[in-house]
Structure formats: C-alpha cells, structure tokens
Amino acid sequence: MAQGAVAAEYAVLRQAERACRQRRAHRRAARRIYSCRACGNELFRSETKFESHCGWPSFYESLAGDTVERIEDHSHGMVRTEVRCKKCGSHLGHVFDDAPQTPTGERYCMNSVALKFAPR
C-alpha cells in the first residue's frame, strides 16, 4: 500500500480528520459487507447502501448489535453525531437524520478511507 494511502487512513481512523472524498470502488454492488479498515469489524451490508448524492458512501442502517457507537461531536463549529467502530474506536464518519427516503430516515455518511469491503 502506498505511504500516502496509509497516512490518509491513519488521519481518518485514529485522528478523526476529514480525508478527501476518495472514490474507491464503493459503487452499489450486490451482496457486499463493509468493514472497519482498522480492525475488520463488520459494519454495514450493501442492502442498506443508497445514493445520497453527498459524495461519500451512505447507508441507512448499521448491522444489528454493537457494531458502531455514536458520539456527540462539537468540532468545526457545529454539533453532529460521530460514528466510531465499537470494536476499536476508529472514526468512520457521521450519521444524520436527513434521509426521509430511507426506512430509518438516517444517513450514515461514511468516509471511504475508513471502510473496506468484500463479497458476502
């Protein structure tokens, strides 16, 4: 893996810094599992992925159980809900309640650097 890619992953996962919108093959694909890049914890399934037109991979629901944790985030002069991996504490992105077109009304806006995916 290129050194720049490793640095970007570290900045996002461990320092909760916003990386550039990398379009790593996160297209809607049949039957994929999206996991935490740092620890491999399974987080989302492709069935809950949707196009939110924000440029980031978006899901309306995480996997059942304790896969993610939500933390109130006051950074950058706003109040948001940060999403972290429940297993290793890595920053994954944020969740918003602005997706009325989804079954949950939520939009998990995940940083593509924080995710890896594999066929189910």
Side-chain angles (χ1 to χ4, degrees):
M1 182 177 289
Q3 193 171 14
V6 172
E9 289 172 8
Y10 184 83
V12 170
L13 294 165
R14 298 297 184 223
Q15 297 174 321
E17 291 182 14
R18 182 178 179 175
C20 62
R21 285 187 246 176
Q22 294 184 0
R23 296 224 183 232
R24 296 182 179 184
H26 283 290
R27 297 177 194 92
R28 186 163 181 84
R31 303 182 60 79
R32 291 192 185 260
I33 297 173
Y34 293 81
S35 303
C36 174
R37 184 165 296 281
C39 72
N41 186 25
E42 293 183 0
L43 305 167
F44 302 96
R45 296 195 186 269
S46 57
E47 292 85 358
T48 65
K49 191 173 190 309
F50 71 103
E51 182 56 59
S52 66
H53 305 287
C54 69
W56 304 90
S58 297
F59 304 86
Y60 62 79
E61 183 176 57
S62 65
L63 287 175
D66 293 333
T67 61
V68 299
E69 64 180 334
R70 297 173 180 218
I71 298 168
E72 195 168 289
D73 176 5
H74 294 272
S75 66
H76 306 290
M78 60 184 101
V79 179
R80 302 178 292 177
T81 303
E82 179 184 5
V83 178
R84 291 188 187 175
C85 175
K86 186 86 174 210
K87 187 174 179 183
C88 72
S90 290
H91 171 80
L92 302 170
H94 292 85
V95 64
F96 303 95
D97 63 356
D98 61 359
Q101 74 275 28
T102 70
T104 62
E106 294 186 318
R107 174 176 55 99
Y108 283 85
C109 191
M110 301 293 96
N111 197 311
S112 62
V113 172
L115 301 176
K116 64 181 176 180
F117 64 93
R120 254 191 347 186

What verdict does the side-chain contact (heavy atoms from CB on, under 4.5 Å) test give for Thr81 and Glu72, after you've listed the backbone C-alpha separation in whole Å, the side-chain angles of each residue and the deciding distance to 0.1 Å?
CA-CA 5 Å; Thr81 303; Glu72 195 168 289; 6.0 Å; no

Search all heavy atoms of [X] against all heavy atoms of [Y] and return the closest pair with its distance.
| X | Y | answer |
| --- | --- | --- |
| Val68 | Ser62 | CG2-OG, 3.7 Å |
| Cys85 | Leu92 | N-CD1, 3.5 Å |
| Gly40 | Lys116 | CA-CE, 3.9 Å |
| Thr67 | Leu43 | O-CD2, 3.5 Å |

Out of Trp56, Tyr34, Phe44, Tyr60, which one pairs with Tyr108 under the ring-ring contact (aromatic ring centres under 6.0 Å, His included) rule?
Phe44

[atom2] on [Y] to [atom1] on [X], rounded to 0.5 Å:
| X | Y | atom1 | atom2 | value |
| --- | --- | --- | --- | --- |
| Arg80 | Asp73 | CZ | CG | 5.0 Å |
| Phe59 | Leu115 | CZ | CG | 5.5 Å |
| Arg84 | His91 | CZ | NE2 | 8.5 Å |
| Ser112 | Arg37 | OG | CZ | 8.5 Å |
| Glu106 | Arg70 | CD | CZ | 4.0 Å |
| Lys49 | Glu61 | NZ | CD | 15.5 Å |

Run the side-chain contact (heavy atoms from CB on, under 4.5 Å) check on Ser58 and His53 step by step: do they pass?
CA-CA 9 Å; Ser58 297; His53 305 287; over 6 Å; no

According to the salt bridge (charged side-chain N to carboxylate O under 4.0 Å, His left out) rule, which pairs have a member within residues 86-98, sequence neighbours left out?
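Listed by first then second residue: Asp98-Arg107.
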
Can a donor-acceptor pair be found, under 3.5 Å and without considering hydrogens, that links the side chain of Arg45 to the backbone of Leu63?
no

Would you say that Cys109 contacts Ser52 through its side chain, given a criterion of any heavy-atom pair below 4.5 Å between the two side chains?
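Answer no - side chains too far apart.
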
